[in-house]
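All of these numbers come straight from a predicted model, not from anything done at the bench.
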Amino acid sequence: MDLALNGRRVLITGASKGIGAACAKAFLDEGATVLLAARDAGRLAATAAELSGAGATANSVAIWAGDLSQSAERERLFAEAGAVDILINNAGAIPPGGLLDLSMAQWEEAWALKVMGYIHLTRLYLGAMKDTGAGTIVNIIGNAGRNPRYGYVCGATGNAALMAFTQAVGGKSPDFGVRVFGINPGATRTDRIVRLVEASGKTADEAAASAPFGRFGEPDEVARTTAFLASPACGYVSGTVLDIDGGSGSR
């Protein structure tokens with residue numbers, strides 16, 4: 001299927017690894033140009049080199065390094081990146097722990113990047129896209145917002161807020177010619193998930209054995225879905241949040 005993404009300009013935050021890097025490859029495979037944003041310049045450069053080695057043209061991948069937990073840095077990204085057709089908000093990893101385990105400073109630090117970062121960048125780019133009458137914003141959130149648990153209360157609460165935010169904005173944004181929607185990955189085989197599982201005393205394979213289909217989801221499964229939904233092929237999708245969790249939320 002031709003997703004009609006050739007030549008589209010895509011900005012992906014948290015793009016140096018995991019789901020963000022997989023999204024970059026999925027869009028590049030469809031002929032888009034991609035700007036990778038994250039705070040680690042070295043890792044960004046390595047990811048860009050890997051993508052170029054996988055067949056991306058020399059000028060189809062660019063990088064931007066900065067700390068998107070800071071309001072001024074989000075403003076700088078917006079000023080320096082220029083116009084984009086698609087924004088993928090993906091930066092942020094909220095730590096596990098119960099309410100009494102995490103300090104308020106940890107809550108504020110985690111939410112500054114993922115929650116406020118998503119909200120601020122959406123606000124910036126929605127305004128720009130409204131002016132041109134076109135654009136797509138995708139928020140990669142996480143299924144803990146749909147299925148909260150005490151041991152991940154900071155992340156579950158932040159994700160639930162982002163789900164409500166995405167649905168509210170995505171319900172209005174079609175009036176501007178803009179689509180806004182979200183994706184909730186379940187347990188996906190990234191470095192972060194492996195670290196969390198191993199910290200609990202299990203191996204990744206042991207944990208995956210009890211997951212749907214006997215495995216974790218793969219980053220490229222989330223990425224290909226993201227590219228499809230962000231494409232003109234799904235031009236009537238807005239104001240919704242799709243779970244990609246193998247059905248775990250219904251088990």
Hey, are Asp205 and Thr203 close enough side-chain-wise for a donor-acceptor pair under 3.5 Å?
->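 The answer is no; no qualifying pair exists.
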Do the side-chain N and O atoms of Asn139 and Thr166 include a donor-acceptor pair separated by under 3.5 angstrom?
->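 Their side chains do contain a donor-acceptor pair, which is all the 3.5 Å distance test asks for.
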Is [Y] reachable from [X] through a run of I, L, V, M, F, W or Y residues, each pair having side-chain heavy atoms under 4.5 Å apart?
| X | Y | value |
| --- | --- | --- |
| Ile94 | Leu100 | yes |
| Phe213 | Ile244 | no |
| Phe216 | Val194 | no |

Determine, stepwise, if the pair Thr136 / Arg8 fulfils side-chain contact (heavy atoms from CB on, under 4.5 Å).
-> CA-CA 11 Å; Thr136 301; Arg8 301 294 177 98; over 6 Å; no
Look up atom [atom1] in [X] and atom [atom2] in [Y], then write down how far apart they are to the nearest 0.5 Å.
| X | Y | atom1 | atom2 | value |
| --- | --- | --- | --- | --- |
| Ile137 | Thr122 | CD1 | OG1 | 5.0 Å |
| Met163 | Thr240 | CE | OG1 | 9.0 Å |
| Phe27 | Ile12 | CZ | CD1 | 6.0 Å |
| Leu87 | Asp85 | CG | CG | 11.5 Å |
| Ile119 | Leu162 | CD1 | CG | 6.0 Å |
| Ile19 | Ile193 | CD1 | CD1 | 8.5 Å |

Sub-3.5 Å donor-acceptor pair from the side chain of [X] to the main-chain atoms of [Y], do we have one?
| X | Y | answer |
| --- | --- | --- |
| Gln106 | Ser103 | yes |
| Arg251 | Pro212 | no |
| Ser60 | Thr33 | no |
| Asp67 | Ser69 | yes |
| Arg179 | Val237 | yes |
| Arg9 | Ala83 | yes |
| Thr13 | Ala91 | yes |
| Thr47 | Ser16 | yes |
| Arg74 | Leu68 | yes |

Evaluate the side-chain proximity of Cys154 to Lys114: yes if any heavy-atom separation is below 4.5 Å, no if none is.
->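 They are not in contact (no side-chain heavy atoms under 4.5 Å apart), so the answer is no.
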Start with the C-alpha gap between Leu36 and Leu51, add the side-chain angles, then the distance that decides, and say whether side-chain contact (heavy atoms from CB on, under 4.5 Å) holds.
-> CA-CA 11 Å; Leu36 313 177; Leu51 291 169; 3.9 Å; yes
Set of ring-ring contact (aromatic ring centres under 6.0 Å, His included) partners for Phe181, sequence neighbours left out |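 Result, ring-ring contact (aromatic ring centres under 6.0 Å, His included) vs Phe181: none returned.
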Pick one: which of Asn143, Asn159, Asn147, Asp243 meets side-chain hydrogen bond (donor to acceptor under 3.5 Å, both in side chains) with Asn184?
->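 For Asn184, the side-chain hydrogen bond (donor to acceptor under 3.5 Å, both in side chains) test succeeds with only one of Asn143, Asn159, Asn147, Asp243, which is Asp243.
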Give the table of side-chain donor-acceptor pairs shorter than 3.5 Å for residues 222-231, with sequence neighbours excluded, one pair per line with atom names and distance.
unit_1 : atom_1 : unit_2 : atom_2 : d
Arg224 : NH1    : Asp220 : OD2    : 2.9
Thr225 : OG1    : Glu221 : O      : 2.9
Thr226 : OG1    : Val222 : O      : 2.8
Ser231 : OG     : Phe228 : O      : 2.7
Ser231 : OG     : Ala233 : N      : 3.2

Asp175, CG atom: more than 12 neighbouring heavy atoms under 6.0 Å =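 Counting neighbours around CG of Asp175, more than 12 heavy atoms of other residues, nucleotides or ligands fall under 6.0 Å, so yes.
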With a cut-off of 6.0 Å (strictly less than), are more than 12 heavy atoms of other residues, nucleotides or ligands near CZ of Arg192?
->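 Result for CZ/Arg192: enclosed.
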So which pairs with a foot in residues 91-126 pass ring pair (Phe, Tyr, Trp, His ring centres under 6.0 Å), sequence neighbours left out?
->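 Passing the test, one end in residues 91-126: Phe78-Tyr125, Trp107-Trp111.
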